[in-house]
Amino acid sequence: MEDARETPERQPDETALPVRVKASVYRLYPTRKQEGTLLWTLRRCKELYNASLEERTAAYKMAGVSVSYGMQSEQLPQLKEERPEYQEIYSQVQQDVLRRLDKAMKAFFRRVDEGQTPGYPRYKSNARYRSFTYPQSGYEIIGALTSHDTKKKKPVG
């Protein structure tokens, strides 16, 4: 006799809302001074990434303790006191650096669990760390040219 059980049809979850992600990418044409500031910020972000990776690796090797994003982000105010140059970088940029590392660590452990070749997250050189993110609005690039600024204006007179 055949199995008379019916499988219930899956009803769509009526509470789920559609997710809309909006991201913008802009081509920058910085002045030399702005370019220097951007490169300086990029190097500090790379230092933070590498130091955070070192902290996670050392904590696990020495004490078998896993360091989380939350633990490291709580240390950012102390980092700014000890290293004043980090006060010049928006905290959200620094938090995003830690999120990148956390994402890389989670991907590593997911691959370990799935039996794939894991590939532990790498320390970043200048060539391997090429961007940083401003996650929210509320900032501006001072001295940036807009499309109407690039046209030659006639002197009034």
Side-chain angles (χ1 to χ4, degrees), residues 16-155:
L17 298 175
V19 177
R20 175 177 259 171
V21 178
K22 183 176 180 182
S24 300
V25 178
Y26 297 97
R27 173 75 171 131
L28 298 178
Y29 297 96
T31 64
R32 286 189 180 183
K33 183 177 179 182
Q34 290 169 333
E35 184 176 353
T37 301
L38 291 170
L39 288 172
W40 180 88
T41 302
L42 189 62
R43 298 301 169 249
R44 299 300 79 72
C45 289
K46 178 196 70 153
E47 285 176 6
L48 178 60
Y49 183 97
N50 288 339
S52 300
L53 178 58
E54 176 63 28
E55 178 185 21
R56 286 180 180 226
T57 304
Y60 189 79
K61 283 181 180 177
M62 290 183 202
V65 175
S66 292
V67 176
S68 68
Y69 164 79
M71 296 165 76
Q72 289 184 316
S73 65
E74 288 175 1
Q75 296 173 358
L76 288 176
Q78 181 182 354
L79 173 68
K80 288 183 174 189
E81 287 179 15
E82 294 174 6
R83 304 269 312 266
E85 63 269 23
Y86 281 92
Q87 292 176 358
E88 298 179 33
I89 302 171
Y90 286 110
S91 59
Q92 291 179 354
V93 172
Q94 295 172 9
Q95 291 164 1
D96 187 67
V97 170
L98 298 179
R99 279 190 197 96
R100 280 188 189 190
L101 175 59
D102 195 55
K103 183 179 177 183
M105 295 300 290
K106 286 180 179 176
F108 167 74
F109 287 115
R110 178 189 48 80
R111 289 189 300 271
V112 168
D113 290 343
E114 292 175 356
Q116 299 175 356
T117 304
Y120 193 75
R122 298 180 184 193
Y123 290 95
K124 303 297 182 184
S125 66
N126 290 342
R128 293 183 85 57
Y129 201 95
R130 299 182 299 256
S131 67
F132 58 91
T133 303
Y134 287 92
Q136 291 184 356
S137 62
Y139 53 86
E140 65 179 302
I141 299 175
I142 299 172
L145 295 176
T146 60
S147 59
H148 65 275
D149 290 336
T150 58
K151 298 176 185 171
K152 297 279 185 187
K153 294 184 179 180
K154 296 179 183 175

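L76 places none of its side-chain heavy atoms less than 4.5 Å from the side chain of S91. Side-chain contact between Q75 and S52 is absent, with no heavy atoms from C-beta onward closer than 4.5 Å. Inter-residue side-chain proximity for T57 and Y120 is flagged as met; some heavy-atom pair is nearer than 4.5 Å. Counting heavy atoms from C-beta on, the side chains of M105 and Y69 never come closer than 4.5 Å.
Looking at D96 and K103, no side-chain N of the basic residue comes within less than 4.0 Å of a carboxylate O on the acidic one, giving no salt bridge. Taking a cutoff of 4.0 Å between a charged side-chain nitrogen and a carboxylate oxygen, R110 and E114 qualify as a salt bridge.
Rounded to the nearest 0.5 Å, atoms CG (L79) and CD (Q94) are 6.5 Å apart. If you take CG on N50 and OG on S125, they are separated by 8.5 Å, rounding to the nearest 0.5 Å. R43 CZ to K46 NZ: the interatomic distance, rounded to the nearest 0.5 Å, is 6.0 Å. Atom CD1 of I89 is separated from atom CZ of R83 by 9.5 Å, given to the nearest 0.5 angstrom. Distance check, rounded to the nearest 0.5 Å: CD of Q95 to CG of L48 gives 10.5 Å. Expressed to the nearest 0.5 Å, how far CH2 of W40 lies from CD of E88 amounts to 4.5 Å.
One side chain, R56 or Q72, offers a donor N or O that lies under 3.5 Å from an acceptor on the other. Using modelled atom types and a 3.5 Å distance limit, the side chains of Y86 and E47 yield a donor-acceptor pair. No hydrogens or angles considered: a donor-acceptor pair under 3.5 Å links the side chains of R100 and S131.
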For the pair Y129 and V97, evaluate side-chain contact (heavy atoms from CB on, under 4.5 Å) and give the outcome as yes or no after the intermediate values. CA-CA 10 Å; Y129 201 95; V97 170; 3.3 Å; yes

Between E81 and Q87, is a side-chain hydrogen bond (donor to acceptor under 3.5 Å, both in side chains) present by the stated rule, with each step listed? CA-CA 8 Å; E81 287 179 15; Q87 292 176 358; over 6 Å; no

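At most 12 heavy atoms of other shown residues, nucleotides or ligands fall within 6.0 angstrom of atom CZ in R122. Heavy-atom contacts from other residues, nucleotides or ligands closer than 6.0 Å to OH of Y60 number 12 or fewer.
Shown here for C45 and F132, the closest heavy-atom pair between the two residues is SG-CB, 3.9 Å. Residues P77 and S73 share a closest heavy-atom pair of CD-O, 3.9 Å.
A donor-acceptor pair under 3.5 Å links the side-chain atoms of Q34 to the main chain of T31, judged by distance alone.
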